[in-house]
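One is the number of the first residue; the rest follow in order along the sequence.
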Amino acid sequence: MPPTLASLVQHSALKLTVRAGEDRLQTPVRWVHASELADPVPYMEGGELLLVTATTLDAEDPAAMRRYVRRLVGAGVAGLGFAVGVNYEDIPDALVEAARSEGLPLLGVPRRTAFLAISKAVSQAIAADQYHAVSAGFEIQRELTNAALTEGPAALLARLAAHVDGWAALYDTSGAVVAAAPEWAARRAARLTSDVARLGERPAPASQVVGGDAVDTDDRVELQSLGTGRRVRGVLAVGTAAAPGTAERYAVHSAVALLTLTTERSRALQEAEQRLGAAVLRMLLSGQPDHARAVAGDLYGELLDAPFRLLVAESADAAAGQDRETDHPLEVLAEALEATASRAAEAILVVPEGDERLVVLAVDGGPVVTAAVAYAARESEEAGVAIGLSAPTGPIAAAGAYKQAEQALSVARRRGRALVEHEELAAGSILPLLADDAVRAFADGMLRPLYEHDAKGRGDLAASLRAWLSHHGQWDAAAADLGVHRHTLRYRMRRVEEILGRSLDDPDVRMELWLALKTAEPSPS
């Protein structure tokens, strides 16, 4: 405990007496200062016990003492010590009355008690308090270290919250609450997501104190970023009723250091796992499933035993040859998926060297695939990334699944969509894939001679060609559909061949013409 006026009065060697301000003796004493100036306030910081002999004071003048005491109270002086038997045999009534009126503690200092003895007593008490705080801080550090090593971050937060008599919460890089202690603090911590996000945008280390309005309580919340590099790896929030003391400050700093070490250690381990995962993925894509399984071992073996999907993501800006000043969209996506994967057996994430792509192998129906779909849904308007997702597969067909994901990615880019699954292409119609300016231009160029011929009133060749192709070249059925004689239809098809310079006996020509006609159809409203 820091020294107080009460502890000095109770000090048996000092023999101090209380003459005013008895109800304020619990006021802490920051320091002792002796001054005979008529106005010592310009040299005070607040919290001092001021000692005087009244050499230059008109201590018997009530008006002068009222002004003097008011100045001391306004400066935040903790108390006034008056030397009895030096210049005055007792403390003058004018000073006593002024101190009582203003509520300033007034202590009588006997002649045999030197001011230096009071200064030493306060200095020793302050030193003892600091030593106690440092010792307590080291003990807290040991306790937090043991909790972090044996039980994990959640246990560390619980110990920290108890030591600061408040609450603590840990956030990931996205601003989501990872853990909180006590449990009720999770709700309060969630209100700080925007503040955490802003802190995460600043280079580490960074800190911020948030007032009570942000959490809708009277809490004082201190946010501390985690990470040894410039990139923030997480954020710690500590909520208390008042500013932390020395021991509590040690606890907070220890928690920041331990959580940073835990985060960086996890990051290093994660990077090692990613390198192993990249080797497994390369073997799968090169058609070596047996070797891939042997390398995967216990770490990724479970992932290869379950049906999985391959995801290929590309930055929309990268595809357009543009740079972003903000974080790369692929990095944001990768961090979101990494945060979702609770263990290595759920996903392999690889960014090929020199490539602007993210390749992910993840359990079908698992949290990573779900998170990718949800991310694409959130980002669909901006389309910061384009994602292609393969059908479920296994190790033997991984190379084919990668091609599926690439095909789906290509379609996603053309359509301006954030995500396309291969099942959409395989189970649906090919016609939506033709919704492309280049394909429309091809169709228009191929069919324009027929449309120009028909526009001059020389027959309905385009409609006749459509009917003939839709009936697979069956003359009678197509002619009946058009309401003409089959010989008329035969004549029209010969004119189509002459105008286009193509033979309708060629199946490739028939396919191209049919697709061109379908592309030229107006979209259903």
**Student:** What residues form a side-chain contact (heavy atoms from CB on, under 4.5 Å) with Ala362, not counting sequence neighbours?
**Tutor:** Ala347, Val360, Val368, Val369

**Student:** Looking at Asp305, I want to see if its CG is surrounded by more than 12 non-hydrogen atoms of other residues, nucleotides or ligands under 6.0 Å.
**Tutor:** yes

**Student:** Identify whether the distance between the nearest side-chain nitrogen and carboxylate oxygen of Arg100 and Glu22 falls below 4.0 Å.
**Tutor:** no

**Student:** Could you tell me which residues satisfy salt bridge (Lys or Arg N to Asp or Glu O under 4.0 Å) with Asp90, sequence neighbours excluded, listed by chain and number?
**Tutor:** Arg19

**Student:** May I ask you to decide if Val221's main-chain N or O and Asp219's side chain share a donor-acceptor pair within less than 3.5 Å?
**Tutor:** no

**Student:** Please walk me through it: do Thr27 and Arg24 pass side-chain contact (heavy atoms from CB on, under 4.5 Å)?
**Tutor:** CA-CA 6 Å; Thr27 304; Arg24 298 189 181 183; 4.0 Å; yes

**Student:** Distance check, rounded to the nearest 0.5 Å: Thr260 atom OG1 versus Leu226 atom CG?
**Tutor:** 4.5 Å

**Student:** CG/Leu311 to CD1/Ile348 distance, rounded to the nearest 0.5 angstrom?
**Tutor:** 13.0 Å

**Student:** Evaluate the side-chain contact (heavy atoms from CB on, under 4.5 Å) criterion for residues Asp39 and Leu37: first the C-alpha distance (whole Å), next the side-chain angles of each, then the deciding distance (0.1 Å), finally the verdict.
**Tutor:** CA-CA 5 Å; Asp39 184 12; Leu37 294 175; 5.8 Å; no

**Student:** Of the options Arg71, Arg70, Arg66, Arg67, which is the one that meets Glu102 in a salt bridge (Lys or Arg N to Asp or Glu O under 4.0 Å)?
**Tutor:** Arg70

**Student:** Of all residues at least two apart in sequence or in a different chain, which pass the side-chain contact (heavy atoms from CB on, under 4.5 Å) check with Asp165?
**Tutor:** none

**Student:** Show every salt bridge (Lys or Arg N to Asp or Glu O under 4.0 Å) that has at least one partner inside residues 358-370, sequence neighbours left out.
**Tutor:** Arg309-Asp364

**Student:** Answer yes or no: is there a donor N or O on one side and an acceptor on the other, between the side chain of Arg415 and the main chain of Arg417, under 3.5 Å?
**Tutor:** no

**Student:** Any donor and acceptor pair, going by atom type alone, linking the side chain of Glu314 with main-chain N or O of Leu358 inside 3.5 Å?
**Tutor:** no

**Student:** Can you tell me if Tyr171 uses its side chain to pair, donor with acceptor, with the backbone of Ala189 under 3.5 Å?
**Tutor:** yes

**Student:** Show the atom names and distances, to 0.1 Å, of all donor-acceptor pairs under 3.5 Å that link a side chain in residues 106-123 to residues at least two apart or in another chain.
**Tutor:**
from	atom 1	to	atom 2	distance (Å)
Arg111	NH1	Gly85	O	2.3
Thr113	OG1	Leu14	O	2.8
Ser119	OG	Phe115	O	3.3
Ser123	OG	Ser119	O	2.9

**Student:** Set out, in order, the CA-CA distance, both residues' side-chain angles and the distance that settles side-chain contact (heavy atoms from CB on, under 4.5 Å) for Leu5 and Val29, then state yes or no.
**Tutor:** CA-CA 7 Å; Leu5 294 174; Val29 178; 3.7 Å; yes

**Student:** Please tell me if the side chains of Thr193 and Val177 come closer than 4.5 Å, counting only heavy atoms from C-beta onward.
**Tutor:** no

**Student:** Which pairs, with at least one residue in residues 244-257 and sequence neighbours excluded, count as a salt bridge (Lys or Arg N to Asp or Glu O under 4.0 Å)?
**Tutor:** Glu222-Arg249

**Student:** Can you tell me if Thr4 uses its side chain to pair, donor with acceptor, with the backbone of Ser7 under 3.5 Å?
**Tutor:** yes

**Student:** Does the side chain of Val295 come within less than 4.5 Å of Tyr300's, by heavy atoms?
**Tutor:** no

